[in-house]
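Scroll down for the structure; my scribbles are underneath it.
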There are 2 protein chains.
Amino acid sequence: MQGASSSREDYLKALYVLSTGAEGPVTTTALAEHLSMRPASASGMMKQLAEAGWVEHEAYRGASLTPSGERIALDVIRRHRLWEFFLVERLGFAWDQVHELAERLEHIEDAELINRLDDYLGCPDFDPHGDPIPRADGTVVDARPLQVASELRPGARAVIKGVVDSSDVFLRHLDALGIRLGIEFKVVERHEFDGSARVEGHGIWTLGVLENLLVVIQP
Amino acid sequence: MQGASSSREDYLKALYVLSTGAEGPVTTTALAEHLSMRPASASGMMKQLAEAGWVEHEAYRGASLTPSGERIALDVIRRHRLWEFFLVERLGFAWDQVHELAERLEHIEDAELINRLDDYLGCPDFDPHGDPIPRADGTVVDARPLQVASELRPGARAVIKGVVDSSDVFLRHLDALGIRLGIEFKVVERHEFDGSARVEGHGIWTLGVLENLLVVIQP
DNA sequence: TATTTAATTTAGCTTTGCCTAAAAATAGTT
DNA sequence: AACTATTTTTAGGCAAAGCTAAATTAAATA
Ligand SMILES: [Mn+2]
Ligand SMILES: [Mn+2]
Ligand SMILES: [Mn+2]
Ligand SMILES: [Mn+2]
């Protein structure tokens, strides 16, 4: 067993994503579901990753990344998000079309390639979905005071900075509503009944939409 | 067995490369050598590719591409050369550094990705080593009257258009001699003794170098 | 606490793609 | 034509990564 294969990288990435925000170790089932695989497969992979020292795994309890495992995960995420940026900003893909491609491109591990790509793209800080791009040294810088849009009170002004759900369907739904990263909007009214909001110049945004928009409130 | 995996694509590509220029089918040993693999592996893969209808294989005789196999090979070569162009022209890699990376990138099959990349790069006709980039429809256009530089007589002027050997070592050797695609040169003298040439402003080029340069003679 | 349910692991199978060693076929040489 | 050397194929193995089904452990419930 050499470095991290595509599979191993995807598992490490999944572990990273699933453990940020949640408490404690990641369950086998959650991992399997996230990767569209069977729990038995995830279980086997955890054993392998623990063996390699990238994961701490207590049987029947769950798994969490070791520092070295987290480092690999961050590298993969960096590659993923840089490629997504490239695909959208340079090749003109829509933001809902790039995830699957990046899911493949991210596994080409070559420090020089990624550093040159980063440079070529102007060292972007965020990917097309508003997620921060980890730096080459494995640090993640995100100083934005993000808030979920569903918390906004009537009269509030905010700028859209990211999405919680970045599935194709949701992103295309946002396209249909004219919602993009960077736009500023003002909540005119919140409806007690269903949590929806009337937004100046945008009509009604449902609670489902608001709960999946990350914003920074404007003064 | 679904589409062509990375391995299958590499074998089809090797078959294409080895059969252009040579007569008759490609031998198992040549194939294995080209891919740094064992004859037994190549033999097994030929059986598989024949099964899929991409290769004509007569036992103990050798293999050749069917039209559908050639089509796949050309697609892979198109992707390989487009990525090489991108790596050199956009990311600033040297021409001796891109082959291995392209060897991995070429296996990401996505028509939209490649068409957009092609577009983004300005639909280049040749890769950084002077090899023609197959079009999306599988045609290869190369109308250049290429000649090997070793055939040049004293007094001839020519422009360098490609290389026969595109190994890292040879390309770096050319760098050291100040030889690049596109430069024009004049042969002042050929030496009977060892086939070397004195080139105006460039000193002596050995026969080994000349035999690996593809040129177009200037009027 | 005993029992049932749910989650997790283990065991065993499959495919892909590589390998080595042995067998078979072709080619070359006396 | 017979023998030898080379090439090619076949047979049998291995590792990775997935699966299903069975066994095990933990959690929930009566
Ligand atoms: Mn993504
Ligand atoms: Mn991936
Ligand atoms: Mn190449
Ligand atoms: Mn390749």
Side-chain angles (χ1 to χ4, degrees), chain A residues 1-15 18-19 22-64 69 72-73 76 103-104 106-109, chain B residues 1-15 18-19 22-64 69 72-73 76 103-104 106-109:
Chain A
M1 210 252 303
Q2 328 257 53
S5 63
S6 295
S7 271
R8 286 189 278 254
E9 287 185 343
D10 281 338
Y11 274 98
L12 292 172
K13 195 159 56 96
L15 242 4
L18 293 174
S19 57
E23 249 334 283
V26 177
T27 68
T28 298
T29 310
L31 205 50
E33 222 152 72
H34 186 85
L35 294 169
S36 300
M37 260 167 243
R38 278 30 247 297
S41 306
S43 197
M45 185 57 89
M46 286 312 96
K47 208 167 109 185
Q48 190 185 131
L49 296 180
E51 184 79 31
W54 294 324
V55 148
E56 202 99 33
H57 184 230
E58 199 182 341
Y60 294 100
R61 276 305 160 91
S64 54
I72 296 174
V76 179
E103 201 57 49
R104 316 247 261 121
E106 72 188 356
H107 301 295
I108 296 177
E109 195 200 344
Chain B
M1 211 254 303
Q2 327 257 53
S5 64
S6 296
S7 271
R8 286 188 279 253
E9 287 185 343
D10 281 337
Y11 275 98
L12 292 172
K13 194 158 56 97
L15 241 5
L18 293 174
S19 57
E23 250 332 284
V26 178
T27 68
T28 298
T29 311
L31 204 50
E33 221 152 74
H34 186 84
L35 293 169
S36 301
M37 260 167 246
R38 277 27 228 325
S41 305
S43 198
M45 185 58 88
M46 287 312 96
K47 208 167 109 186
Q48 191 185 127
L49 296 180
E51 183 78 31
W54 294 324
V55 149
E56 202 99 34
H57 184 231
E58 199 181 342
Y60 294 99
R61 275 308 159 92
S64 54
I72 296 174
V76 179
E103 202 57 50
R104 315 245 263 121
E106 72 188 357
H107 301 295
I108 295 176
E109 194 201 345

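Numbers restart at 1 for each chain; the letters A, B, ... are given by sequence-line order, proteins then strands. Quick note: numbers below take in every heavy atom, side chains included, and nothing from hydrogens, waters or symmetry partners.
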Taking all heavy atoms of [X] and all of [Y], pick out the closest pair and write down the distance.
X      : Y      : answer
B:A63  : B:M46  : CB-SD, 3.6 Å
A:R104 : B:E109 : NH2-N, 3.4 Å
B:S19  : B:L15  : OG-O, 2.7 Å
A:E9   : A:E106 : OE1-O, 4.1 Å

Nearest listed nucleotide, side chain of [X], among [options]:
X     : options                : value
B:M37 : D:dA11, C:dC18, C:dT10 : C:dC18
B:S5  : C:dG17, D:dA21, D:dA11 : C:dG17
B:K47 : D:dT10, D:dT9, D:dC19  : D:dT10

Check the distance between D:dC19's P and A:L35's CG and give it to me in whole angstrom. 10 Å

Protein within reach of the bases, or only the backbone? For nucleotides 1-6 of chain C, mark each nucleotide 5' to 3' as B, S or -, using heavy atoms under 4.0 Å. ------

Using a 4.0 Å heavy-atom cut-off, write out nucleotides 1-7 of chain D from 5' to 3' as B (base contacted by protein), S (sugar-phosphate only) or - (no contact). ------S

The answer to which of A:P39 and B:M46 contacts DNA chain D further toward the 5' end, by nearest nucleotide, is B:M46

Counting only heavy atoms not in B:E103, do more than 12 sit closer than 6.0 Å to its CD atom? yes

